[in-house]
Undergrad: 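Can you keep this structure in mind? I'll have questions shortly.
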Number of protein chains: 2
Amino acid sequence: MSEPQIRQATLRDVADLAGVSYQTVWRVVNDRPHVAPETRERVLMAVRKLDYRPHRAAQMLTTGRSYILQLVIFEYGYGDPLPAVLHWAREYGYTMVVTELKDPTSPESVRAVLRETARMIDGLLMVMPYPHLSYEALTQLCRGRPFVVVNTKLGSRMPSVVFDQWNGGRQAAEHLLNMGHRQIAEICGPLENFDAQVRDRAWRAVLVEHGLEPGPRVVGDYEVCSGYTGAQKLLQTQQPFTAILSGNDLMALGAIRALREAGLRVPEDVSIVGFDDIAEAAYFDPPLTTVRQDFDVLGKASVDYLAALIEHQEIAVQQRVLYPELIVRKSVQRLETPGKEVGQAQET
Amino acid sequence: MSEPQIRQATLRDVADLAGVSYQTVWRVVNDRPHVAPETRERVLMAVRKLDYRPHRAAQMLTTGRSYILQLVIFEYGYGDPLPAVLHWAREYGYTMVVTELKDPTSPESVRAVLRETARMIDGLLMVMPYPHLSYEALTQLCRGRPFVVVNTKLGSRMPSVVFDQWNGGRQAAEHLLNMGHRQIAEICGPLENFDAQVRDRAWRAVLVEHGLEPGPRVVGDYEVCSGYTGAQKLLQTQQPFTAILSGNDLMALGAIRALREAGLRVPEDVSIVGFDDIAEAAYFDPPLTTVRQDFDVLGKASVDYLAALIEHQEIAVQQRVLYPELIVRKSVQRLETPGKEVGQAQET
DNA sequence: CCTCGGGATGTGACGGGTCACAATCAACCG
DNA sequence: CGGTTGATTGTGACCCGTCACATCCCGAGG
């Protein structure tokens, strides 16, 4: 039933049909000058008739450019930049190869992923929440191909686009302080992830700056389930808290559920702040106050940067920083004993 | 700063270093016989030293095989098969190109997407909840390259892997009947999507079979928000209902929120059944009873099928059918006036 | 001693674009 | 009317693996 692999027309085929040389066809197809109008017309006719399309492998071979980018992700988050990357890559004329990376901590596994696409791609986008590889290591692994690291540590000296997690973490903590909370617990993300780490430190720093003791903390893994068990563990500690900072929205969802099962109301008894602002967050019960990371912007900025590196590689290594934004909804209760207002996170 | 595009070693480079011909190197690299052990050793040394990797574009050009597959998606759902496809494609030695398709209804836009990867890929995986293109149209568009359609209409005569949406819709409706519900409303998905259509018809069919009137129905778009407004609209109709069938889990989430805001309890006042079983569904409040579609299985089955088509293309056109599974949680209340038990959806 | 078989190794053409350069031809100038 | 200019068109080498085929060498058999 399946068609017998149709033989595709080549430049020569078109040339024969149009009665010119393949070079002339090439000029027409690539919009070069020095072709007489009537010749051009004749060639275009032949191109349409044979439905000629350039063979990208052949182009790749001669020009060394493939117009293919590779996106390396090692986790499917809810807010990952994939959709935006796909969109903007296409907009810029690139095709995206997407690869998953099982173990981002080992250079070996990174090497394996890169080997598969050796000499086939123009550049790499790596989503690397684990800062295990240095700029030098990555440069070596990529063998001179330009790359941009997405969502890595703020301050890393490598071509990258990142959210300022410190700022985001502070915004969340300061919001709770401003709403009168003084006993703040935390369900943080997996501490191997630098972003979880930074948010955790930001939370702690804000409290210390205001002379407060950090409340109890549990470590989750960014999945709903770990928010659920995390909140249960927090309750078991017997340490009092009036609010929870959650490492992301999903864990916040799990936590809300656990609190409710324990007979607590959200936000009347316990307030909660999430992180990410996934699409559902506004429809949680209660609607979740959270810190938005705009992954569309992240994706576009990353492709932008990579495309620029590929086209004129003289750009100096830099880090492009995006700022998260506090989205206030209904999961935080203002407490009656208001303290003084707490300083803003630095301006975006 | 950026490295000056390192020149990659070729077969000839390795041959020179090892003092043999490029043909011998080729034999070593491709594990062919007729190479003396000590020669092989010497070549391998040179390969390692130069870190030689075959140029995939050149291989593509000569063999006509690229070991690249293309996944065409036109929507980022929560349960899309992307992760599984990525995983299994890699497992089978394929690299995945992922493309988004903005307007799946127009052959022109499909053509544009396929043109970009013309002659570069071994096969296509198309996620096509809109059954707008016939087998013949697709065959033509793909120009003889094998393709598998994912999640299309049950019964379409084309190579495809699908869930039996009819069966899933029936399971959801029958569950509500079994739990004693007789007035069942629906928030269905966008009716351009065949899956939404089929589930809607299944719901209606089950009710009619049991001599019941379908309750009120509103149409959503699979986003949380439309579930929220949808439930509000259902309440405004003034038609009574004790349960809602939702086209997916996300809309169910929105609906639950709207019901609660209207002063109704879930499931005590209104029961609800979702569709998909996304990861968060178990942590909704209440935990959502839903119909699971296992997208991991879907992804694997699709890649399986496509790989088989590519390797021995004599496989007859067929449709591989997967069955959804009812997951009972807490969002459906058993009503006091139990009717007789309602028949099973046909066996999986 | 010559031939034959078979492993080891090398040669050359090819795939389909790309590009530097050569060839052709008309018009235009002095 | 030869020489120059410039647009038009064509030629051939190249990119890097792949594969069919040729060559070389050694030992075995007649």
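When reading the values below, keep in mind they use all heavy atoms of this one structure, side chains included, and skip hydrogens, waters and symmetry mates. Each chain gets a letter, A, B and so on, in the order its sequence line appears, and its residues count up from 1.
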Undergrad: Considering just the side-chain nitrogens and oxygens of B/T39, establish if one lies under 4.0 Å of OP1 or OP2 belonging to C/dT9.
TA: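 B/T39 to C/dT9 OP1/OP2: side-chain N or O found under 4.0 Å.
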Undergrad: Quickly work out the B/D13 CG to D/dC15 P distance and round it to whole Å.
TA: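 The answer, rounded to whole Å, is 10 Å.
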Undergrad: Inspect the contact between B/E108 and B/R115 and indicate whether a charged nitrogen and a carboxylate oxygen are less than 4.0 angstrom apart.
TA: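 Salt bridge: no.
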Undergrad: Counting primed atoms plus P, OP1 and OP2 as sugar-phosphate and everything else as base, spell out the protein contacts along nucleotides 17-27 of chain C at 4.0 Å heavy-atom distance: B, S or - for each nucleotide, 5' to 3'.
TA: BBBB-------
Undergrad: Do A/R145's NZ or CZ and the ring of A/F147 fall within the cation-pi criteria of under 6.0 Å and 45°?
TA: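 Pair A/R145/A/F147 does not count as cation-pi.
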Undergrad: Tell me which of B/G19 and A/A57 sits closer to the 5' end of DNA chain C, going by the nucleotide each one is nearest to.
TA: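 Here B/G19 is the residue nearer the 5' end.
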Undergrad: Atom CG of A/L61 to atom P of D/dC15: distance rounded to whole Å?
TA: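 Checked: the CG to P distance equals 9 Å.
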Undergrad: Any idea which heavy atoms bring B/Q59 and B/P54 closest together, and the distance?
TA: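 Minimum heavy-atom separation between B/Q59 and B/P54: NE2-CB, 3.5 Å.
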Undergrad: Look at all strands and tell whether A/V20 reaches a base, only sugar-phosphate, or nothing, counting heavy atoms closer than 4.0 Å.
TA: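 If one applies the 4.0 Å heavy-atom cut-off, A/V20 turns out to touch the sugar-phosphate alone, with no base involved.
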Undergrad: Find out whether A/V28 and A/V47 are in side-chain contact, i.e. whether some heavy atom of one side chain is under 4.5 Å from a heavy atom of the other.
TA: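 Heavy-atom side-chain distance check fails, nothing below 4.5 Å.
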Undergrad: Between B/T24 and C/dA8, is there a side-chain N or O to OP1/OP2 distance below 4.0 Å?
TA: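 So the side-chain polar atoms of B/T24 never come under 4.0 Å of the phosphate oxygens OP1 or OP2 of C/dA8.
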Undergrad: For B/H55 and B/Q8, does a side-chain donor sit closer than 3.5 Å to a side-chain acceptor?
TA: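 Short answer, no.
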Undergrad: Figure out the CZ/C1' separation between A/R42 and D/dT8, and round it to whole Å.
TA: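 After rounding, the reported distance stands at 12 Å.
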Undergrad: Report yes if some heavy atom in the side chain of B/M126 is under 4.5 Å from a heavy atom in the side chain of B/V72; otherwise report no.
TA: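 Yes, close enough: below the 4.5 Å cut-off.
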